[in-house]
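All chains are named by letter (A, B, ...) in the order of the sequence lines, taking the proteins before the strands, and each is independently numbered beginning at 1. FYI, side chains are in, hydrogens and waters are out, and symmetry mates aren't considered; it's all heavy atoms of this structure.
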There are 2 protein chains.
Amino acid sequence: MSGETLTISDRIQKGLDDLTRAERQLAHSILENYPASGLGPLSALAKDANVSGPTVARMVQKLGFKGYPEFQAELREELKAKVKNPIAKHDTWAEGAPSEHLLNRFTDEVIENIRHTLGQIDPNDFDAACRTCADTNHHLYIVGGRITHTLAEYLFLHMQLIRPKITHVQSTSNAWPHYLLDVEDGDVFVIFDMRRYENNTLKLAEMAHAKGARLILFTDQWRSPVHHLAEISFSSRIVVPSAWDSAVSPLLLLETMISTVQGLTWGDTKDRMEALEDMFDQTKLFRKFT
Amino acid sequence: MSGETLTISDRIQKGLDDLTRAERQLAHSILENYPASGLGPLSALAKDANVSGPTVARMVQKLGFKGYPEFQAELREELKAKVKNPIAKHDTWAEGAPSEHLLNRFTDEVIENIRHTLGQIDPNDFDAACRTCADTNHHLYIVGGRITHTLAEYLFLHMQLIRPKITHVQSTSNAWPHYLLDVEDGDVFVIFDMRRYENNTLKLAEMAHAKGARLILFTDQWRSPVHHLAEISFSSRIVVPSAWDSAVSPLLLLETMISTVQGLTWGDTKDRMEALEDMFDQTKLFRKFT
DNA sequence: TCTTCTTTGTAATAAATCTTTCAGAATTCT
DNA sequence: AGAATTCTGAAAGATTTATTACAAAGAAGA
């Protein structure tokens with residue numbers, strides 16, 4: 001990044017703080033589909049960002065251009081230059097870092113993980129698991145291990161907003177046997193177990209299974225021993241250039257599941273509905289500042 | 001790859017023989033700097049190709065467009081699609097599920113999030129942040145909010161293995177002011193704050209900053225107000241087809257950071273990990289590997 | 001709470017861009 | 001070589017696009 005000219009994208013990001021609300025909205029809209037959106041007519045860009053035309057005109061002047069056409073001209077110059085340059089450079093994720101930089105290597109690997117993980121998933125299993133998690137006739141237990149309890153906690157936090165009858169069990173705590181007392185036939189356990197698989201988790205799974213609970217397992221590509229007991233298992237690829245494993249692919253599955261379950265239970269519990277509406281409103285408020 | 005539309009470039013090349021002299025001149029000019037030259041005003045393109053305006057107008061009509069603006073619109077659409085990283089382009093992630101299935105839509109969006117997030121990262125900032133987190137001369141505090149505390153916890157769990165002098169502060173708890181008592185000049189705070197930004201987190205950040213602490217912030221694309229105080233900020237794109245936001249991109253950054261920090265401190269980490277393995281063996285928490 | 005300053009959008013104005021018409025040039029065909 | 005056809009560009013007209021002026025809304029400060 002030495003003697004290189006700053007791209008418009010860079011300049012916008014740099015000055016993001018000095019912008020007003022409408023201008024920031026616009027800035028994000030430009031960056032969203034950069035540079036395509038800036039190459040269209042001013043009015044289209046304005047509409048896309050939900051701001052008025054003059055706001056666009058003022059913004060490009062703030063960026064140091066005489067007018068919108070001049071701004072577009074530079075965008076086109078940038079584009080020309082980028083297309084001409086050797087491909088390798090913008091084939092990286094973090095532009096400005098060499099492809100050997102860990103940011104790029106790590107991300108490459110994570111994307112591969114996601115591709116493999118999704119490629120191995122049976123959509124029917126997935127849908128079935130979501131329906132099971134959405135079923136409020138039975139209690140839902142969520143179990144994580146030493147590291148995976150963060151994933152479990154993440155699922156729990158969201159499920160808490162979506163449905164009742166839900167418990168977060170920490171297999172690392174020695175209090176977990178108490179939770180099992182109340183388990184009934186048909187109850188559901190979502191269990192996280194990645195290498196190195198934990199004895200406590202396996203024991204817990206066995207006992208839950210013995211009591212007639214149905215098990216949904218999130219594990220890694222080598223599969224926790226729990227998977228013999230599980231009704232449905234999801235294996236994620238988790239290997240990255242690191243001394244530890246990646247939680248990205250399982251998290252992706254998890255978030256998709258949360259979204260699906262919330263879609264399924266839509267309209268159920270009224271209290272939660274209202275809470276959700278409230279959250280939506282707040283989300284919209286945020287949108288305003290986008 | 002079935003119903004894919006031909007690009008304008010393809011169409012021009014295909015029909016190159018049926019064109020007249022002036023049109024062929026023009027065609028070559030368009031392909032010369034594709035697609036940049038086609039995105040400028042008609043007159044500029046005409047001048048560039050040494051043909052008249054009407055020739056351009058007729059040519060785009062010959063290509064099947066109603067007019068030059070429509071031609072440009074399609075060029076921009078092409079550009080939009082092209083900018084998306086080829087690796088990210090994937091018809092369906094979960095084979096066996098239609099592309100409208102949430103598994104595929106969600107993953108598409110997450111990949112886009114990753115692309116945007118990485119695209120906006122300054123590798124120098126990233127490296128600097130990693131060095132700061134690896135520096136054991138100062139205490140490292142990790143702060144998360146209501147939802148983000150899972151990310152904070154994840155970082156904490158790994159950092160714990162990598163380095164000493166580390167504390168996980170929960171801004172949601174009302175005990176956090178106690179932690180601030182011991183903060184010294186030069187201590188480091190890694191703070192997680194995504195929308196909706198939490199007042200507690202901001203207050204905590206302000207107080208830490210006032211005591212001379214250095215702040216590293218993980219936030220979303222709209223940036224928590226904390227970023228005014230932060231030495232280094234990382235903004236992740238977090239929007240997915242869901243009522244909630246995605247934690248995938250920030251997690252990816254986090255894991256990359258963990259890996260980098262552990263690389264920086266390898267000698268120490270090794271000892272710590274061995275000691276830890278010993279302790280785990282004694283508690284028989286994990287199963288033995290086969 | 002009222003004032004002041006900034007920000008933002010509407011509407012009018014100015015400017016440019018695109019399209020069409022038409023006549024001359026080039027090409028083709030007989 | 002001459003006529004018919006096709007191609008091309010200048011100029012005028014039509015349309016779209018960008019800019020400016022101004023007033024209302026909103027934020028900040030007293």
Side-chain angles (χ1 to χ4, degrees), chain A residues 8 12 15-30 33 35-77 79 284-290, chain B residues 8 12 15-30 33 35-77 197 199 202 206 222-223 225 228:
Chain A
I8 291 181
I12 291 177
L16 217 55
D17 292 332
D18 305 330
L19 298 177
T20 62
R21 192 215 79 225
E23 285 173 341
R24 197 158 31 239
Q25 243 170 273
L26 173 61
H28 276 117
S29 190
I30 294 173
N33 287 90
S37 48
L39 290 166
L42 182 148
S43 54
L45 180 57
K47 196 179 162 196
D48 218 55
N50 272 311
V51 298
S52 66
T55 300
V56 179
R58 281 189 288 259
M59 164 108 173
V60 296
Q61 287 179 353
K62 225 177 197 174
L63 282 168
F65 298 100
K66 220 187 112 193
Y68 190 71
E70 195 178 284
F71 164 80
Q72 288 189 311
E74 186 151 330
L75 273 184
R76 282 194 302 274
E77 283 307 313
L79 184 59
K284 271 176 195 161
L285 257 175
F286 272 105
R287 277 252 176 259
K288 208 176 170 189
F289 293 86
T290 295
Chain B
I8 291 181
I12 291 178
L16 215 56
D17 295 332
D18 305 332
L19 298 177
T20 63
R21 179 203 40 93
E23 285 173 341
R24 196 157 33 238
Q25 243 171 278
L26 173 59
H28 280 119
S29 189
I30 293 174
N33 289 91
S37 49
L39 290 165
L42 182 148
S43 54
L45 180 56
K47 196 179 161 197
D48 219 52
N50 273 312
V51 299
S52 67
T55 300
V56 179
R58 279 188 291 260
M59 165 107 173
V60 295
Q61 287 180 353
K62 224 176 197 172
L63 282 168
F65 298 100
K66 220 186 113 195
Y68 190 70
E70 196 179 281
F71 164 80
Q72 289 189 310
E74 185 151 330
L75 272 184
R76 282 195 301 273
E77 283 306 314
Y197 315 113
N199 280 329
L202 179 57
E206 279 166 350
W222 302 283
R223 294 175 164 184
H228 291 115

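Scanning all heavy atoms of the two residues, the minimum distance from B:Ala49 to B:Leu26 falls at CB-CA, 3.7 Å. Between A:Ala46 and A:Val56, the shortest heavy-atom distance links the atoms CB-CG2, 3.7 Å. What you find for A:Arg76 and B:Ala36 is that their closest heavy atoms are CD-O, 3.3 Å. Nearest heavy atoms, A:Val51 versus A:Ala22: CG1-O, 3.5 Å.
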Letter per nucleotide, 5' to 3', of nucleotides 8-15 of chain D [B base touched, S only sugar-phosphate touched, - untouched; heavy atoms, 4.0 Å]: BBBB----

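The CG-P distance, from A:Leu26 to C:dG9, rounds to 10 Å in whole Å. Between the P atom of C:dA15 and the CG atom of A:Leu42 lies a distance of 17 Å, rounded to the nearest Å.
Using a distance-only test at 3.5 Å, with no hydrogens or angles considered, a donor-acceptor pair links the side chain of A:Ser37 to the main chain of A:Asn33. A donor-acceptor pair under 3.5 Å is formed between the side chain of A:Gln72 and the backbone N or O of A:Gly40.
Sorted by first and then second residue, the side-chain hydrogen bond (donor to acceptor under 3.5 Å, both in side chains) pairs involving residues 45-65 of chain B (not counting sequence neighbours) are B:Glu23-B:Lys62, B:Ser52-B:Thr55.
Near DNA chain C, meaning a heavy atom under 4.0 Å away, the residues from residues 59-77 of chain B are B:Gln61, B:Gly67, B:Tyr68, B:Pro69.
Taking A:Glu70 as the reference, nothing meets the side-chain hydrogen bond (donor to acceptor under 3.5 Å, both in side chains) condition, with sequence neighbours excluded. Partners of A:Asp18 under the side-chain hydrogen bond (donor to acceptor under 3.5 Å, both in side chains) rule, at least two apart in sequence or in another chain, do not exist in this structure.
The overall bend of the helix from C:dT1-D:dA30 to C:dT30-D:dA1, read as the angle between its terminal helix axes built from five base pairs each, is 30° when rounded to 10 degrees.
The CZ atom of A:Phe71 lies 7.0 Å from the CG atom of A:Leu45; values are rounded to the nearest 0.5 Å.
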